[in-house]
S.K.: 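Here it is, the structure, as structure tokens.
Keep in mind the model is a prediction, meaning the values are calculated, not measured.
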Amino acid sequence: MKSFHMIFIGLYCLAALYFTYLSFTTMFVYFSNKSMGFQESFLEPGKNLILALLFIFFTAASWFLLKSPNYHKLGMIVFYIPIAIIGLYILWAVIMLIGSGGKWN
């Protein structure tokens with residue numbers, strides 16, 4: 001594999017670890033607060049858990065598919081999906097900033 005792919009797979013691994021850590025800590029807080037009687041939404045731990053699972057899936061799938069010469073094209077597609085999603089999110093944020101005159105509220 002090329003070093004470019006290895007760098008980004010490493011970044012995917014770091015993102016997966018980060019969101020896994022966030023999901024465990026927010027779930028701990030969620031269940032601790034629930035046991036003390038506080039009503040809290042599961043949205044934050046759920047979002048972090050979904051993001052962790054997605055990054056784990058894309059990291060593992062792109063790693064195994066890029067290693068195999070038979071599935072290299074499919075591995076490239078799976079590899080570039082998170083990059084495309086992040087790029088589209090950044091583009092959306094820039095368009096929202098420009099369209100709102102630089103104001104967030």
S.K.: Give the other cluster members for F31, using side-chain heavy-atom distances under 4.5 Å between Ile, Leu, Val, Met, Phe, Trp and Tyr residues; answer none if it is isolated.
M.R.: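 Via sub-4.5 Å side-chain contacts, F31 links to M27, Y30, F42, L49, L53.
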S.K.: To check you understand the geometry: which heavy-atom pair defines the closest contact between T59 and C13, and what is its length?
M.R.: CG2-SG, 3.3 Å
S.K.: Would F57 and Y71 show up in the same hydrophobic cluster when neighbours are defined by side-chain heavy atoms closer than 4.5 Å?
M.R.: yes
S.K.: Not counting sequence neighbours, which residues clear salt bridge (charged side-chain N to carboxylate O under 4.0 Å, His left out) with K47? List them please.
M.R.: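 If we apply the salt bridge (charged side-chain N to carboxylate O under 4.0 Å, His left out) test to K47, skipping adjacent residues, the hits are E44.
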S.K.: Search all heavy atoms of F8 against all heavy atoms of I83 and return the closest pair with its distance.
M.R.: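 Heavy atoms only, the tightest pair is CD2-CD1, 3.8 Å.
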S.K.: Do any pairs count as a side-chain hydrogen bond (donor to acceptor under 3.5 Å, both in side chains) and have a residue in residues 11-27, sequence neighbours left out, and if so which ones?
M.R.: none
S.K.: Which residues end up grouped with L91 if you chain together Ile, Leu, Val, Met, Phe, Trp and Tyr wherever their side-chain heavy atoms are less than 4.5 Å apart?
M.R.: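 Same cluster as L91: I95.
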S.K.: Is V29 linked to F19 within one hydrophobic cluster, defined over Ile, Leu, Val, Met, Phe, Trp and Tyr using a side-chain heavy-atom separation of less than 4.5 Å?
M.R.: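 The answer is no; the residues belong to distinct hydrophobic clusters.
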S.K.: Let me check something: do L11 and M6 share a hydrophobic cluster, defined by ILVMFWY side-chain heavy atoms less than 4.5 Å apart, either directly or through other members?
M.R.: yes
S.K.: Report the hydrophobic cluster partners of M36, with the cluster defined as I, L, V, M, F, W, Y residues connected by side-chain heavy atoms closer than 4.5 angstrom, directly or transitively.
M.R.: F38
S.K.: Honestly curious: do L66 and Y80 fall in one hydrophobic cluster under the side-chain, below-4.5 Å linking rule?
M.R.: yes
S.K.: With ILVMFWY side chains joined below 4.5 Å, transitively, what does F24's cluster contain besides itself?
M.R.: none
S.K.: Which heavy atom in A16 sits nearest to a heavy atom in A52, and how many Å separate them?
M.R.: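 Heavy atoms only, the tightest pair is O-CB, 4.3 Å.
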S.K.: Taking I7 as the starting point, is it possible to reach I9 by hopping between hydrophobic residues whose side chains are less than 4.5 Å apart?
M.R.: yes
S.K.: So do the side chains of H72 and L65 get within less than 4.5 Å of each other, counting heavy atoms only?
M.R.: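 No, too far: nothing below the 4.5 Å cut-off.
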S.K.: More than 12 foreign heavy atoms under 6.0 Å from CZ of F4: is that the case here?
M.R.: yes
S.K.: Quick check for you: to the nearest 0.5 Å, what is the distance between L54 atom CG and I85 atom CD1?
M.R.: 7.5 Å
S.K.: In Å, rounded to the nearest 0.5 Å, how long is the span from OG of S68 to CG of L74?
M.R.: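 Going from the OG atom of S68 to the CG atom of L74 covers 9.5 Å.
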